[in-house]
Number of protein chains: 2
Amino acid sequence: MKKKAKINDTPVCQVRMQAISDTMSILSGKWKFHILGTLIEGNKLGFMDLMREIDGIGSKMLSKELQDLELNHLVSRTVLDTKPITVEYAITEYGATLSPLINELAKWGIEYRQSVHG
Amino acid sequence: MKKKAKINDTPVCQVRMQAISDTMSILSGKWKFHILGTLIEGNKLGFMDLMREIDGIGSKMLSKELQDLELNHLVSRTVLDTKPITVEYAITEYGATLSPLINELAKWGIEYRQSVHG
DNA sequence: GGAAGTGCTTTCCTGTAGGAAACTACCTTA
DNA sequence: TAAGGTAGTTTCCTACAGGAAAGCACTTCC
């Protein structure tokens, strides 16, 4: 008898797996969570503000990641008509729905550290 | 006045950012969530079972990812002294603590799909 | 004795993520 | 008019992730 059994072949599993892939794809890369976390804390920051806040990021990556996040409506970009032109980045209402997820990630990571050391 | 301001420079932010990086690093790669999800559903599966369950994964990646997960104590590996030698992979008690996180990921992804289409 | 199943490892190859540095362009202040 | 701040883009380079395919060792079924 040849095994073909599929635990994962139920619709509910397929949907969940796909959903996890979607989420991870949207939040992929080294910097997305740093940017989102900073914008959630900071509320309205310029490009250079973000460069200063996020240690180690380069302008190319910041620019690219912000574009990704904007495309997915997680971050808004507003050009202000100030003396030297400035740009305001902020979390959108929709981006803010990531807070519970970010909290779970942080919570698990903190507990992981404690279980490894403590 | 030169800006050096650092929202992220508070200890609590540093710890949270580090924790998120830790978590993402442990769960990095294309297959970790699929493997963990399958093991949570399936409870005790052999290597070939996992290959059948996880659509598209190759033996090299499955082997490598399982080793990673075992190193981090999220998955257990037990060699059974059966007629043809078999290996049992299972979620550890510690690995099971990822369930809330996985649920958040799935939940957000499902809501994302609905917001894009719906 | 050959096919097929278990559980991997090894080799080879490719695409992409991401870093460093330079460059653009425009404005303000000294 | 040079320095410094705004907000990026472009180019070049490298390392790592991950896929395909083959091989290995051992066993049982037909």
Open item on the list: Could you tell me how far apart A:Trp31 (CH2) and C:dA17 (C1') are, to the nearest whole angstrom?
Closed with: 12 Å
TODO: Could you tell me the separation between the CG atom of A:Asp81 and the C1' atom of D:dA7, rounded to a whole number of Å?
DONE: 15 Å
Task: Value in whole Å for how far the P atom of C:dG7 lies from CD1 of B:Ile54 - done: 14 Å
- [ ] Figure out the CG/C1' separation between A:Asp55 and C:dG19, and round it to whole Å.
- [x] 14 Å
Open item on the list: I need the single residue from A:Leu36, A:Ile35, A:Leu45 that forms a side chain to side chain contact (heavy atoms under 4.5 Å, CB included) with A:Ile91. Which is it?
Closed with: A:Leu36
Task: Protein-to-nucleotide contact annotation, 5' to 3' order, nucleotides 8-17 of chain D [B base; S sugar-phosphate only; - none; under 4.0 Å, heavy atom] - done: BBBB------
Task: Between C1' of C:dA17 and CG of A:Leu27, the distance in whole Å - done: 16 Å
Task: Residue whose nearest DNA chain C nucleotide is more 5′ - A:Glu65 or B:Gly46 - done: B:Gly46
Open item on the list: Tell me the interatomic distance from B:Leu50, atom CG, to C:dG5, atom P, rounded to whole angstroms.
Closed with: 17 Å
TODO: Check whether the side chains of B:Ser63 and B:Ser59 place a donor and an acceptor atom closer than 3.5 Å, and report yes or no.
DONE: no
Task: Residue from A:Thr23, A:Asn72, A:Thr97 passing side-chain hydrogen bond (donor to acceptor under 3.5 Å, both in side chains) with B:Tyr112 - done: A:Asn72
Open item on the list: Just verifying a value: how many Å separate B:Ile57 CD1 and B:Leu50 CG, rounded to the nearest 0.5 Å?
Closed with: 8.0 Å
Open item on the list: Whether the B:Asp49 and B:Tyr89 side chains hold a donor-acceptor pair (N or O, under 3.5 Å, no angle test) is what I'd like checked.
Closed with: no
- [ ] Round to a whole Å and report the spacing from CD of A:Glu88 to C1' of D:dA7.
- [x] 14 Å
TODO: Assign a letter to each nucleotide of nucleotides 24-30 of chain C from its 5' end: B, base within under 4.0 Å of a protein heavy atom; S, sugar-phosphate only; -, no contact.
DONE: ---SS--
TODO: May I ask you to evaluate whether B:Arg52 reaches the phosphate of C:dG7, defined as a side-chain N or O under 4.0 Å from OP1 or OP2?
DONE: no
Open item on the list: With a 6.0 Å cut-off (strictly less than), is the heavy-atom count around CG of A:Asp55, excluding the residue itself, greater than 12?
Closed with: no
- [ ] Taking the side chain as every heavy atom from C-beta outward, state whether A:Ile40 and A:Leu98 have any atom pair closer than 4.5 Å.
- [x] no
Open item on the list: Between A:Thr82 and A:Thr86, is there a side-chain donor-acceptor contact under 3.5 Å, judged purely by atom types and distance?
Closed with: yes
Open item on the list: Walk me through whether A:Arg16 and B:Ile102 qualify under side chain to side chain contact (heavy atoms under 4.5 Å, CB included).
Closed with: CA-CA 9 Å; A:Arg16 278 176 60 91; B:Ile102 292 175; 3.9 Å; yes
- [ ] Take the protein atom CG of A:Leu62 and the nucleotide atom P of C:dG19, then report the distance between them rounded to whole Å.
- [x] 11 Å
